Amino acid sequence: MLSEPRSGRLAAWGNALLAGLVSPDDAVLAVVGEDAVHRVEGLPGEPAPVGLTLALGRLRALGVTGLRVALPVPGHPLGLSGPPEFNARALEVEEAVVCQGAALGLVPDVREAGPEGDVHVEVVWHCLPVREAPPADVPSLGEAERELAEALREATEVLTRLDVAGSGPVAEAAIDAYRARAAASRGLEVLAPGYPPRAVRVLELAQRVGALVALAGGGGHGGAVSASEMAARAVALRPVERTARRAQVAAYNSVVEARGV
């Protein structure tokens, strides 16, 4: 939850491209980010992996009208609709993109390549059939925003109860890094053109809650040092983390839901 999922970037900027709000070059540049290259494998009509620009054009030609995000974890298939083969692959990496308008989905395979000291990241998106059905457990933006406000309070209470702030230099450094990240993200475009301000607000808050969960759940922080205490911490944080993931999906998927495509 600390970093933007690649599926989120692909869905957000892919939706902006499908709506005619950005050029293919700008969309691909935003999706790739700091990675070296993105390719799509298994695209109908393409016998070999193709570049992202061609892939997005091909998806449009296949009838894709929107892209949705799924952020599943074991026991919570958030945003998935099947079949089992696609769900299993998405669960393995805990993210996926589901196409609207064509029964296809994309799951990223992130690989490191290059010699030591010059390693770069390559991403291969595997295009697979999906079941055309409502995605699992995705809230509306309004629901997500209300849930997040409560989740933020819960996360703060957990941090206080675990005495993370008073647990030494490692925890203090983590807190400082979280605060610096929150300050740096203010005013930056966290979604692509075409997304409503409410979606931006929900996504920013979801990322903030996720950062707090990661901080509170990090090994070695706070007073929870025994196995039983660590287990109790995980149980306390699980519903907060779930809420943050649901809100992220709601934000990324909001333009597709608004267009009713």
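Just so it is clear, the model here is predicted, and its values are computed rather than measured. Each residue takes its place number in the sequence, starting with 1.
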Are any of the side-chain heavy atoms of Cys127 and Cys99 separated by less than 4.5 Å? no
Residues Glu241, Arg245: salt bridge by 4.0 Å N-O rule: yes
Give me each pair satisfying side-chain hydrogen bond (donor to acceptor under 3.5 Å, both in side chains) with a member in residues 101-124, each pair once, sequence neighbours excluded. Asp109-Arg111, His120-Glu122
Heavy-atom closest pair, residues Ala11 and Val69: CB-CG2, 3.4 Å
Might you point out which heavy atoms bring Ala251 and Val202 nearest each other, and give the distance in Å? CB-CG1, 4.3 Å
To the nearest 0.5 Å, what is the distance between CG (Leu148) and CD (Gln248)? 9.5 Å
Distance from Leu128 atom CG to Leu106 atom CG, nearest 0.5 Å? 8.0 Å
Is any side-chain heavy atom of Val209 less than 4.5 Å from a side-chain heavy atom of Thr243? no
Enumerate the residue pairs fulfilling salt bridge (charged side-chain N to carboxylate O under 4.0 Å, His left out) with a member in residues 10-22, sequence neighbours excluded, ordered by first and then second residue. none
Give, for atom CG of Leu191 and atom OG of Ser254, the distance between the pair rounded to the nearest 0.5 Å. 7.0 Å
Test side chain to side chain donor-acceptor pair (under 3.5 Å) applied to Glu41 - qualifying residues, sequence neighbours left out: His126
CA sep, side-chain torsions, deciding dist, call: Tyr252, Asn15, side chain to side chain donor-acceptor pair (under 3.5 Å): CA-CA 9 Å; Tyr252 285 121; Asn15 284 327; over 6 Å; no
Are Val64 and Val98 co-members of a hydrophobic cluster defined by side-chain heavy atoms under 4.5 Å apart? no
Under the salt bridge (charged side-chain N to carboxylate O under 4.0 Å, His left out) definition, can you give me all pairs with a residue in residues 88-106, not counting sequence neighbours? none
Determine whether Leu10 and Val124 fall in the same hydrophobic cluster, where Ile, Leu, Val, Met, Phe, Trp and Tyr are linked whenever their side-chain heavy atoms lie under 4.5 Å apart. no
Distance-minimising heavy-atom pair for Ala96 and Phe86: CB-CZ, 3.8 Å
List the residues meeting side chain to side chain donor-acceptor pair (under 3.5 Å) with Arg198, not counting sequence neighbours, and say none if there are none. Glu145
Hphob cluster co-occupancy, Val249 + Leu203, side-chain heavy atoms under 4.5 angstrom: yes
Please list every donor-acceptor pair under 3.5 Å in which a side-chain atom of residues 129-141 meets a protein atom from a residue at least two apart or in another chain.
| residue | atom | partner | partner atom | Å |
| --- | --- | --- | --- | --- |
| Arg131 | NH1 | Ser81 | O | 3.2 |
| Asp137 | OD1 | Arg246 | NE | 3.4 |
| Asp137 | OD1 | Arg246 | NH2 | 3.4 |
| Asp137 | OD2 | His76 | NE2 | 2.6 |
| Asp137 | OD2 | Arg246 | NE | 3.1 |
| Ser140 | OG | Glu143 | N | 3.2 |
| Ser140 | OG | Glu143 | OE1 | 3.4 |

Mind checking whether Val256 and Leu67 have side chains closer than 4.5 Å, heavy atoms only? no
Can you hop from Val93 to Trp125 via hydrophobic side chains spaced under 4.5 Å? no
Could you go step by step and tell me if Leu59 and Leu43 meet the side chain to side chain contact (heavy atoms under 4.5 Å, CB included) rule? CA-CA 8 Å; Leu59 288 173; Leu43 201 59; 3.6 Å; yes
Cut-off 3.5 Å, no hydrogens considered: what does the side-chain donor-acceptor table look like for residues 49-58, sequence neighbours left out?
| residue | atom | partner | partner atom | Å |
| --- | --- | --- | --- | --- |
| Arg58 | NE | Glu46 | OE2 | 3.3 |
| Arg58 | NH2 | Glu46 | OE2 | 2.7 |

Heavy-atom closest pair (Tyr195 atom, Ala12 atom, distance to 0.1 Å) is OH-CA, 3.3 Å
Taking Thr65 for its side chain and Gln100 for its backbone only, find out whether a donor-acceptor pair lies under 3.5 Å. yes
Under 3.5 Å, side-chain donor or acceptor atoms of residues 20-35 against the rest of the protein: list the pairs with distances, not counting sequence neighbours.
| residue | atom | partner | partner atom | Å |
| --- | --- | --- | --- | --- |
| Ser23 | OG | Asp26 | N | 3.1 |
| Ser23 | OG | Asp26 | OD2 | 3.3 |
| Asp35 | OD1 | Arg6 | NH2 | 2.9 |
| Asp35 | OD2 | Arg6 | NE | 2.9 |
| Asp35 | OD2 | His38 | NE2 | 2.8 |

Report yes if some heavy atom in the side chain of Arg201 is under 4.5 Å from a heavy atom in the side chain of Leu205; otherwise report no. no
Between Val123 and Val37, is any pair of side-chain heavy atoms under 4.5 Å apart? no
